[in-house]
Amino acid sequence: MALEQNGYITREELASFNQIISEERFKKGPVAIIECIQQIPCNPCESACVRKAIRIGEPITSLPVLNEDRCTGCGVCIARCPGLAIFVIDKTFSDAEATVAFPYEYTPLPQKDETVDAVDRTGRVVCKGKVMKVLNPESFDRTPVVTLAIPTEYADEVRSMKRRRDR
Amino acid sequence: MVNKEIVVVGAGPAGLAAAIEAAKAGGEVLVADLNILPGGQLFKQIHKFFGSSAHRSGTRGIEIGRQLLAEAEKYGVEIWLNSAVIGLYDDRVVSIEKGLNSGEKELINIKAEKIILATGASENVVRFKGWTLPGVMGAGAAQTMINVNRVKPGNKVVMLGSGNVGLIVSYQLMQAGCDVVALVEAAPNIGGYGVHASKIRRAGVPVYTRHTIIEAKGTDRVKEVIIAELDDSWQPIAGTEKVLEADVVTLAAGLKPISDLARLHDLEMVYNGVFGGWVPKHDENMESTQSGIYVAGDTTGVEEANTALEEGRLAGIAAAESLGYIAEKDAKERKDDTWKRLDGLRMGPFGEKRMYAKNEILACFPARS
Ligand SMILES: Cc1cc2nc3c(=O)[nH]c(=O)nc-3n(C[C@H](O)[C@H](O)[C@H](O)COP(=O)(O)OP(=O)(O)OC[C@H]3O[C@@H](n4cnc5c(N)ncnc54)[C@H](O)[C@@H]3O)c2cc1C
């Protein structure tokens, strides 16, 4: 697996584990993207979702399965995943832009409306992103969630932003 | 000589869980730890833990530590800090160098009815040219510096080893404001969980599998690190050397169980590669070959905080049961439940080899006379 050699998941791997969201579902609005393809004993995402859109079941090493129709893209699961492996993508944000929400546990946090470097799974800068939201309520237990608006063509690639070094 | 019903050595998750179970049942419990803070490794683990809801998954290690301490306090567990256990003698006499408020130490011998050893594990070192230069340290040491003492070990780090410790500590070093300039791994694959690796890849850390550190260079501290690619027989390939500018090298090359006390007291040991070295033999009650002496957590084989907690629970329940605090039927139910949770943790591609290893250890336990 590429993940084990390189440390990041490829689209082919996600496809082989059935973790690609249909374009049809993307047309309906925001949806959770779960990039979790190794059987590790972990299940907080399952109970994080009040709509029961994420299922792990028994044994606890089973991979999470997302029910696209039940998921509303609310994003509560993002901060609950200890592996920081859940994202929310909204490809209906505007004609040319999508949003990507991801966990970001570094300081300094970006500010709303700022422009930042959006990076892919390998840390490569792929485009600029505008910060739409930075959520950090107590219930997220110190895992802030940043939402970036980016050109729609990069929505399947962007998974974080370049870490700031200004301090 | 002081008398105590149960003495637990080590206030990590295993020792605290054992103490809580035994004290909850009514036992009189003393925990001794050589550290100045209780919690073992937990107080360095600022990340959210894996596991099931039953294991407070999604909770940060440091929070699990706080909850355990509060519980121990609630049930009246006595904890001596800055207090190393330096000897075990016949008839379960424990020698403790107790740390006093004055800063002095006092040697106290305690006659215990039951002893639970939960001494954890220590880091392996890797030797290369320049490995004694200041700036070369264990990944665990770097983790203690940033997360407990809040001191940056330097600015540019080369991490050796891609198991979960290497991956997690790399991430935390970046959270602390350092740059990780390379993660170097001799094996062809990353050893730890993919999600941990993905976090540091997204942050731009280059991963060099099939590579090792050849030399750390510098006069009074590390300034440069030379790495090279390895061939199929793990030998450096000439001409593949790369020079990295770095002032810290952190070694995450595995852990080995701390079993000095167990050996000192002639507990029968067995070697287990999966578990990181020599471990005391034990039965399903976590009781060693010396009756009344129990073992739990990383000292019985390097695993994780959750498995340490569950093993500690087993030892605590079994010790309380043998002192008459828990009826056999009740104890059996609780131990069976705990084993079920342990089995759940030792599943999947990462966990099952630990399940086999544990079963081997249980199977080699000699019949009790
Ligand atoms: C560097 C490092 C990083 C880790 N990262 C993670 C992680 O990210 N996630 C995870 O789940 N697990 C992690 N682990 C593993 C996890 O922390 C351990 O599996 C768990 O803490 C084991 O619990 P324990 O109680 O057996 O041992 P420990 O937590 O190590 O506690 C042992 C205690 O015994 C004390 N002690 C030892 N000898 C004596 C003596 N002679 N007298 C008195 N006291 C003594 C020590 O001071 C220590 O407090 C890590 C371990 C290490 C070493």
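Because only heavy atoms are used, hydrogens play no part in the values below, and waters and symmetry mates are left out as well, while side chains stay in. Note that the coordinates shown come from a computational prediction; the quantities given were computed from them, not determined experimentally. Naming convention: chains lettered A, B, ... in sequence-line order (proteins, then strands); numbering from 1 in each chain.
Note on R210(B), K199(B), H196(B), R60(B): by heavy-atom pairs under 4.5 Å with chain A, the leading option is R60(B). The residue among G344(B), G194(B), G204(B) with the most heavy atom pairs within less than 4.5 Å of chain A is G194(B). Between chain B and the residues L84(A), I9(A), V119(A), the largest count of heavy-atom pairs under 4.5 Å involves L84(A). The candidate from V205(B), L183(B), V195(B) with the greatest count of non-hydrogen atom pairs under 4.5 Å with chain A is V195(B).
The part of E35(A) that comes within reach of chain B is its backbone (N, CA, C, O), which places non-hydrogen atoms under 4.5 angstrom from that chain. Proximity to chain B involves both the backbone and the side chain of R142(A), based on heavy atoms less than 4.5 angstrom apart. The part of F49(B) that comes within reach of chain A is its backbone (N, CA, C, O), which places non-hydrogen atoms under 4.5 angstrom from that chain. Only the backbone of P188(B) comes within less than 4.5 Å of a heavy atom in chain A; its side chain stays farther off. Residue contact with chain B, scored on non-hydrogen atoms closer than 4.5 Å, is absent for S62(A). For a residue to count as touching a neighbouring chain, one of its non-hydrogen atoms must lie under 4.5 Å from one of that chain's; by this rule E185(B) does not touch chain A. At a 4.5 Å heavy-atom cutoff, N306(B) makes no contact with chain A through either its backbone or its side chain.
When the shell of 6.0 Å around NZ of K162(A) is examined, it contains 12 or fewer heavy atoms from other residues, nucleotides or ligands. Heavy atoms from other residues, nucleotides or ligands lying under 6.0 Å from CZ of F140(A) number more than 12. A 6.0 Å sphere centred on CD of E68(A) holds more than 12 heavy atoms belonging to other residues, nucleotides or ligands. Counting heavy atoms of neighbouring residues, nucleotides and ligands inside a 6.0 Å radius, atom NZ of K52(A) does not exceed 12 of them. Other residues, nucleotides and ligands place more than 12 heavy atoms under 6.0 Å from the CG atom of D336(B).
Distance CE/M347(B) to CD/Q39(A): 10.0 Å, rounded to 0.5 Å. One distance of note links CD1 of I40(A) with OH of Y193(B); it measures 5.5 Å at 0.5 Å rounding. Once rounded to the nearest 0.5 Å, the distance linking OH of Y8(A) with CZ of R202(B) reads 14.0 Å. Taking CD from Q38(A) and CZ from F350(B), the interatomic distance works out to 4.0 Å, rounded to the nearest 0.5 Å.
Although no hydrogens or angles enter the test, the distance criterion places a donor-acceptor pair under 3.5 Å between the side chain of R201(B) and the main chain of N6(A). Side-chain atoms of R163(A) come within 3.5 Å of backbone N or O of M174(B) as a donor-acceptor pair. Not a single donor-acceptor pair under 3.5 Å links the side chain of R159(A) to the backbone N or O of S198(B).
Summarising the geometry of G58(B) relative to P44(A), their closest heavy-atom pair is N-CG, 4.1 Å, with the distance given to 0.1 Å.
Here K48(B) does not pair with E105(A) in a salt bridge; the nearest charged N to carboxylate O distance is not below 4.0 Å.
Contact annotation: the side chain of T209(B) never approaches that of Q5(A) to less than 4.5 Å [non-hydrogen atoms, C-beta and beyond].
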Discussion item. Could you walk me through whether R341(B) and I60(A) satisfy the side-chain contact (heavy atoms from CB on, under 4.5 Å) test, starting with their C-alpha distance in whole Å, then the side-chain angles of each, then the deciding distance to 0.1 Å, before giving a yes or no?
Written reply: CA-CA 10 Å; R341(B) 289 195 300 270; I60(A) 181 185; over 6 Å; no

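For the residue pair R346(B)/T61(A), the side-chain donor-acceptor check at 3.5 Å is not satisfied.
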